[in-house]
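A short worksheet on the structure shown next.
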Amino acid sequence: MSRPPYDHKAIEEKWRDFWRERGFFKAKIHDARKKFYYLNMFPYPSGKLHAGHGRNYILGDAIVRFLLMRGWNVLNPMGWDAFGLPAENAAIEQGVHPRDWTWRNIREFKRQFRAWGVEYDWDREIATCEPDYYKWTQWIFLKLYEKGLAYRAKGKVNWCPHCEVVLANEQVIGGRCWRCNSLVEKRELEQWYFRITAYAERLLRDLEKLDWPEHVKKMQENWIGRSEGAEILFPTEKGPEIKVFTTRPDTLWGATFLVLAPEHPLVPQLTAPERAEEVKAYCAAAERMTEVERTSTEKEKTGVFLGTYGVNPATGERIPIWIADYVLMGYGTGAVMGVPAHDERDFQFALKYGLPVIPVIAHPSQEFRAVVPAQSFHSSLEPALKELEVYVDEKDGALLIAGAAQNISQVLSLLQKHLVPSGWAFVIGRGWHVVFPDEVINIGSIAEERRALAKLQSVAPKFKDKRTVAEIFWDEPHLRAFLFHAEYEEMINSGPLSGTPGTEAVKRTVEWLAEKGLGKGTVTYKLRDWLISRQRYWGAPIPMIHCPKCGIVPVPEKDLPVLLPEVNRIGKLGLADIPEFIPTQCPRCGGSARRDTDTMDTFVDSSWYFLRFVSPKDTERPFDPELVNKWLPVDLYVGGVEHAILHLLYARFITKFLHDLGLLSFDEPFKKLFTQGMVTYPAYWCPTHHWIPPKEVQPGNRCPKCGSELVVSVVAMSKSKKNVVSPDELIEEYGADTERLYTLFMGPPEKEIEWSEEGVRGCWRFLNRFWNMALDIIDRAGQIREDPDPQSFRSEDRAIWAKLHATIKKVTAEFEGRLALNTAIAAIMEFTNDLSAYLEAPKADPKLLRRALRDLILLLSPFTPFICEELWQRLGEGKSVLETPWPEYDPRALEEAEVEIPVQINGKVRLRLRLARTKAADPKVLEELVLSDPEVQKRLEGKKIERVIAVPEKLVSIVAR
RNA sequence: GCGAAGGUGGCGGAACAGGCAGACGCGCUGGCCUUAGGAGCCAGUGCCGAUGAGGCGUGCGGGUUCGAGUCCCGCCCUUCGCACCA
């Protein structure tokens, strides 16, 4: 039967306000039985929503509708991350107030949510830019300050020249601003910080208990970047001690130089007067460089000698002090010991600047290498070597030798014996040796290294310009691969600790250091404190006062909120541009003082918003402690991966802090996290006209304005690249149900995926087929009120009944498990196809038809609520689908009467047999039935059955020769 | 370089516990209906093979197994994250 396409507009308009009016999405907040806190990351209200945003909200809405039907008391709120730069920039450019701009966007977002059928508990709506919210953001600041976790400090900060604002480390992605992608510069400024590093260990450790995607946890782990090692004190000849951090204290005896970061405070003091100019120039150059330039791995290492010396506390040897920009002031102590034999960077640095290399960890290879230069040896050497089990190669008269490490001592004495008086040889095994006819020098200290070098230079003038033994070795390709390694192995050349095995080396060295008072074991983190000052207007003012007499004084709690001043025009400097905001009275001495003119990073606003939703209107406190501890942590938090570090780390930190204050009983805010993937779409770039909307692209990928060929890239939908698909247009043409269905059907929700117009049409066609089939069933069986009787089923009835229950099982499992709703929808489509075919059969059981349709509508309703609500009504069901319990599957129904058993012969499926399930369930019976089948027998003719594997209800595999 | 995920038809993707590879959808082919089709309906659609029988097929090479997309070993490639972190 064919009907016209269903009227999505009329249907969707009819139901659009229904759920809200009936209050289905309002949480029963004082009844926390069977509670479920579902939360979507709240959006920054900029402009309009596009189809890509739908991924987050539609997924959430489907989950919440499912939960409601499952009988959960769901808290499903929505709010606005409403402070931020775009509003302020728009305000500066267009002369509107950022609040007006923001609220205009919020209205637009709400209109679009309604159009999608995406519902929330709107009574709990919050906006971070409203004083009743940011009052509590300021309150949290004061609490942090009280506990010494908010502090003001001067230092090098990240500065985005485009946004004209400082950035936290987390907001610099690959050296660029997270928002505008500009290269970030360094500036010396005094700013406010939150001491997130005090929580580094807990933030790391507690990741373990979170049900989050592994890769997100890994990203946080890397960001926190814990490393265990030791701090070691190096005395200097000038006086002050240099404290270095190293993860490899076991390599201490190999430290042949010290390197400080150019910004290190001791640099001026440790610089020799005659080198001051060069040092100053180097520091200035390092300061000018961007983070990216400076930390590029490709860049050759550079540095400058300070002209003074320190002392290696283990060996007592004098070692030069350098500065180099590969050492970062912000990590560890800003100073490192250079161990060129066992650190790749130090090795490069030492080779470049002629610093000695001393191996102090045995080489992990079981091999040694040796080089004997031409004219250095008697002809008797070769036959002598042949007797040992070593490989000897001759090249330009020189001998290149390789062999097993245990033969080293024999080789050393052999070489020594067969060298000519002015000859020499190099041997690298566990350590390094230079062989002369009268002695073997072990390169085990700087002194020995110097001696070996001097001796080599005296016998071979060509070494006159060489600065180190390592440099000479490096010129021998045969030795190169053995000069540097970073493995944990037995310590050598390390005085009292020589011979310590690799597995204990670090531990024993740390103990030794502590004993001698030279250092101690420590833990260092990559995580830095969170810089939260922003030189802007549109944010929560930092509630601090600068008094000339009392210094920095917090605004008393009773004076909160510190309101943003109402102004008509906003300047580039934010609050600092508003003279009337600044003067105030010191709360301590009553004298005249100045307000802090910075506002807080918007990530502070969003680091606690999930707590506010339980009591959004509370004027006495940030949240109701009783309710918050009943409803939180959030049971399921859904948002984009782009916040894997930023927001999610900050929110965890603030939660832990509030927990420590005794305000929260939990210390992790989000129990389960699901990150949905981005939606991509082709973006077209014209060199002259920039981004061209896909709809305007001319045939052959031509620019509509100039006809030149466009560059296509498939990237995440974004307004700036003009490659967004508008939900308004989709809803107009196909309806919100179609958009919702396609959004969830296009692929697994955690994966990035390309939007496809054809895919949308496919979903639209499906909904039409579903609609028509439903009307047919309603025509035929709409009046029936009884359930079908499985006892009376024929085999076709039984098959459709089983399929119905299998579908219920599948859809339920996806909602409750991995959320691969694309496969749930596929199952629903499959069942719809089967039911449609069944409907054609003249003997279709009307009771079964009606029951199947009823359950099908319920199953589909979280995805396409409008059409389902309409059909539910037409089916004559009284209540809303949302008030109806989710269908349960009956395990008995899944047991079909017959199963198909594939039969494998020698590993290949040769035929399939339909057998009664009861018979196929018994392996013995199954085997007999299959073997006695005529077709099987025919195929086995002339063969000997060697083995039969019968898997009950699954398959039979026969091995025959 | 390090870490993680992943490579399956023309395309998006299924196969969640080693048991029928390619579900579902798109696209394509043929047919029906139609004045018309970018509508609807029916049939087909991994590749080779004339239809069959059969053979080959989940990045490549090996292995375990009656049986491998799935497990093991060795490569190649892609994407994402981190990247001089001492």
Side-chain angles (χ1 to χ4, degrees), chain A residues 1-5 173-175 213-219 221-223 225-227 229 244-248 251 259 261 294-301 324-328 330-339 342-346 348-349 486 524-528 641 644-645 677 741-742 745-748 750-763 765-766 768-769 772 810 813-814 817-818 820 822-833 900-912 946-951 953-960:
Chain A
M1 203 183 306
S2 130
R3 302 173 194 263
I173 316 280
E214 280 311 312
H215 70 279
V216 176
K217 292 207 249 180
K218 198 81 205 170
M219 279 163 77
E221 192 184 313
N222 292 341
W223 187 260
R226 180 185 201 274
S227 34
V244 308
F245 174 74
T246 176
T247 53
R248 293 298 303 271
T251 64
V259 193
R294 182 162 157 182
T295 60
S296 153
T297 334
E298 263 87 88
K299 185 176 145 267
E300 208 189 320
K301 307 230 165 328
D325 62 7
Y326 78 88
V327 176
L328 308 172
Y331 184 76
T333 59
V336 303
M337 59 182 199
V339 185
H342 307 293
D343 180 286
E344 200 179 346
R345 295 152 301 174
D346 296 344
Q348 287 175 23
F349 195 76
T524 298
Y525 301 88
K526 211 183 82 166
L527 182 73
R528 323 271 175 83
V641 232
I645 295 174
L741 190 65
Y742 175 64
F745 180 61
M746 58 181 166
E750 70 278 8
K751 252 190 75 174
E752 177 176 302
I753 206 149
E754 186 178 346
W755 185 268
S756 144
E757 183 79 22
E758 282 70 39
V760 176
R761 301 182 59 79
C763 287
R765 278 204 287 269
F766 167 76
N768 269 292
R769 282 203 306 278
N772 289 329
K810 168 77 182 167
E814 287 303 340
R818 59 178 189 168
N822 54 324
T823 65
I825 294 169
I828 289 173
M829 287 174 168
E830 215 177 309
F831 180 65
T832 305
N833 293 344
E900 197 178 64
I901 299 293
V903 180
Q904 291 185 350
I905 297 174
N906 293 333
K908 293 209 164 29
V909 177
R910 292 302 175 184
L911 67 158
R912 298 156 215 272
E946 291 184 349
R947 207 175 151 188
V948 180
I949 295 113
V951 184
E953 295 185 57
K954 278 271 165 62
L955 99 173
V956 174
S957 180
I958 303 166
V959 188

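Worth knowing before you read on, the calculation uses all heavy atoms, side chains too, and leaves out hydrogens, waters and symmetry mates. Labels below follow one simple rule: chain letters A, B, ... track the order of the sequence lines, proteins then strands, and each chain is numbered from 1. Predicted, not measured: the structure shown is a model, and the values here were computed from it.
When both pairing distances are held under 3.5 Å, B:rA15 makes no Watson-Crick or G-U pair with any nucleotide shown. Under the Watson-Crick or G-U wobble criterion, with both distances below 3.5 Å, B:rA5 is paired with B:rU78. Pairing for B:rG40 is with B:rC32, a Watson-Crick or G-U wobble pair whose two hydrogen-bonding atom distances lie under 3.5 Å. Pairing for B:rU58 is absent, judged as Watson-Crick or G-U wobble with the two contacts each under 3.5 Å. In this structure B:rG27 sits in a base pair with B:rU45, meeting the Watson-Crick or G-U test at under 3.5 Å. The base-pairing partner of B:rA21, taking Watson-Crick or G-U wobble contacts with both distances under 3.5 Å, does not exist among the strands shown. The partner of B:rA83 is absent, by the rule that a Watson-Crick or G-U pair needs both atom distances under 3.5 Å.
Distances shorter than 4.0 Å separate none of the side-chain N or O atoms of A:K218 from OP1 or OP2 on B:rG81. The shortest distance between the side-chain N/O atoms of A:R910 and the OP1/OP2 oxygens of B:rC66 is not below 4.0 Å.
Looking only at distances, a side-chain donor or acceptor of A:N772 sits under 3.5 Å from a matching main-chain atom of A:N768. The main-chain N or O of A:A486 is found under 3.5 Å from a side-chain atom of A:R248 such that the two form a donor-acceptor pair. Side chain of A:Y742 to main chain of A:E757: no donor-acceptor pair is present (N/O by atom type, distance under 3.5 Å, no hydrogens or angles). Side-chain atoms of A:R528 come within 3.5 Å of backbone N or O of A:K526 as a donor-acceptor pair.
Between A:M746 and A:I753 the shortest heavy-atom distance is O-CD1, 3.0 Å. Shown here for A:N822 and A:F745, the closest heavy-atom pair between the two residues is CB-O, 3.6 Å. What you find for A:E814 and A:A820 is that their closest heavy atoms are OE1-N, 3.1 Å.
Comparing B:rC16 with B:rG6, their P atoms are spaced 14 Å from each other, to the whole Å. Taking the P atom of each, B:rC48 and B:rG57 are spaced 15 Å apart, rounded to whole Å. For B:rC60 and B:rA53, the C1' atoms lie 32 Å apart once the distance is rounded to whole Å. Taking atom P on both B:rA14 and B:rG7, the two are 9 Å apart, rounded to the nearest angstrom. If you take atom C1' in B:rG27 and the same atom in B:rG46, they sit 15 Å apart, rounded to whole Å. Straight-line distance between the P atoms of B:rA4 and B:rU58: roughly 26 Å, to the nearest whole Å. Comparing B:rG9 with B:rG13, their C1' atoms sit 11 Å apart, to the nearest whole Å. Spacing between B:rG1 and B:rG69 at atom P, rounded to whole Å, works out to 31 Å.
A:F349 meets the ring pair (Phe, Tyr, Trp, His ring centres under 6.0 Å) test with A:F257, A:W322, A:Y326, A:Y353; sequence neighbours excluded.
Put simply, CG on A:L741 and CE on A:M829 are 5.0 Å apart, with the number rounded to the nearest 0.5 Å. The distance from atom CD of A:E830 to atom CD1 of A:I825, rounded to the nearest 0.5 Å, is 13.5 Å. Here CD1 of A:I949 is found 8.5 Å from CD of A:Q904. Values are rounded to the nearest 0.5 Å.
Residue A:G332 is out of contact with every strand shown, counting any heavy-atom pair closer than 4.0 Å. Among the atoms of the strands shown, only primed sugar atoms or phosphate atoms (P, OP1, OP2) are found under 4.0 Å from some heavy atom of A:N833. A:S756 comes within contact range of no nucleotide atom at all, as no heavy-atom separation falls under 4.0 Å. Among the heavy atoms of the strands lying under 4.0 Å from A:Q904 is at least one base atom, whether or not backbone atoms are also near. Across all strands shown, A:V959 has heavy atoms under 4.0 Å from sugar-phosphate atoms exclusively, and none from any base.
Listed nucleotides: B:rG12, B:rA83, B:rG54. Nearest to the side chain of A:I753: B:rG12. The side chain of A:T246 approaches B:rA86 more closely than any other nucleotide in the set B:rA86, B:rG81, B:rG13. Here the nucleotide nearest the side chain of A:K751, chosen from B:rA86, B:rG13, B:rG19, is B:rG13. Of all nucleotides listed (B:rC24, B:rG13, B:rC66), B:rG13 comes nearest to the side chain of A:N822. In the set B:rC82, B:rA86, B:rA23, the nucleotide with an atom closest to the side chain of A:K526 is B:rC82.
Between the CH2 atom of A:W755 and the C1' atom of B:rG25 there is a distance of 14 Å, given to the nearest Å. Per the geometry, CD belonging to A:E946 stands 12 Å off P belonging to B:rG67, to the nearest Å. Taking atom OH on A:Y331 and atom P on B:rC82, their separation rounds to 17 Å, with Å as the unit. Distance, A:R226 CZ to B:rA86 P: 12 Å, rounded to whole Å. Remark: C1' of B:rA83 and CG of A:L527 are 17 Å apart, rounded to the nearest angstrom. Summarising the geometry, the separation between CG on A:N906 and P on B:rG19 is reported as 20 Å, rounded to the nearest angstrom. Distance A:F745 CZ to B:rA14 P: 10 Å, rounded to the nearest Å. Between the CD atom of A:E752 and the C1' atom of B:rA5 there is a distance of 13 Å, rounded to whole Å.
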Determine, step by step, whether A:T251 and A:M337 satisfy the side-chain contact (heavy atoms from CB on, under 4.5 Å) criterion, reporting the C-alpha distance in whole Å, the side-chain angles of both residues, the deciding distance to 0.1 Å, and the verdict.
-> CA-CA 9 Å; A:T251 64; A:M337 59 182 199; 3.6 Å; yes

Can you check salt bridge (Lys or Arg N to Asp or Glu O under 4.0 Å) on A:E214 and A:K218, steps first, answer last?
-> CA-CA 6 Å; A:E214 280 311 312; A:K218 198 81 205 170; over 6 Å; no

Detail all sub-3.5 Å separations between protein N/O atoms and N/O atoms belonging to nucleotides 15-17 of chain B.
unit_1: B:rA15; atom_1: OP1; unit_2: A:R818; atom_2: NH1; d: 3.3
unit_1: B:rA15; atom_1: OP1; unit_2: A:R818; atom_2: NH2; d: 2.5
unit_1: B:rC16; atom_1: N4; unit_2: A:K810; atom_2: NZ; d: 2.3
unit_1: B:rC16; atom_1: N4; unit_2: A:E814; atom_2: OE2; d: 3.4

Report all interatomic pairs (protein N or O, nucleotide N or O of nucleotides 41-49 of chain B) with separations under 3.5 Å.
none

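Base orientation for B:rG67: anti, the chi torsion being more than 90° from 0.
Within 3.5 Å, a donor on the side chain of A:K301 pairs with an acceptor on the base of B:rC84, or the reverse. Checked by distance alone, A:E344 brings no side-chain donor or acceptor within 3.5 Å of a matching partner on the base of B:rG1.
The residue among A:K954 and A:G225 whose nearest nucleotide of RNA chain B lies closer to the 5′ end is A:K954. Between A:H215 and A:D346, the residue anchored nearer the 5' end of RNA chain B, judged by the nucleotide with its closest heavy atom, is A:H215.
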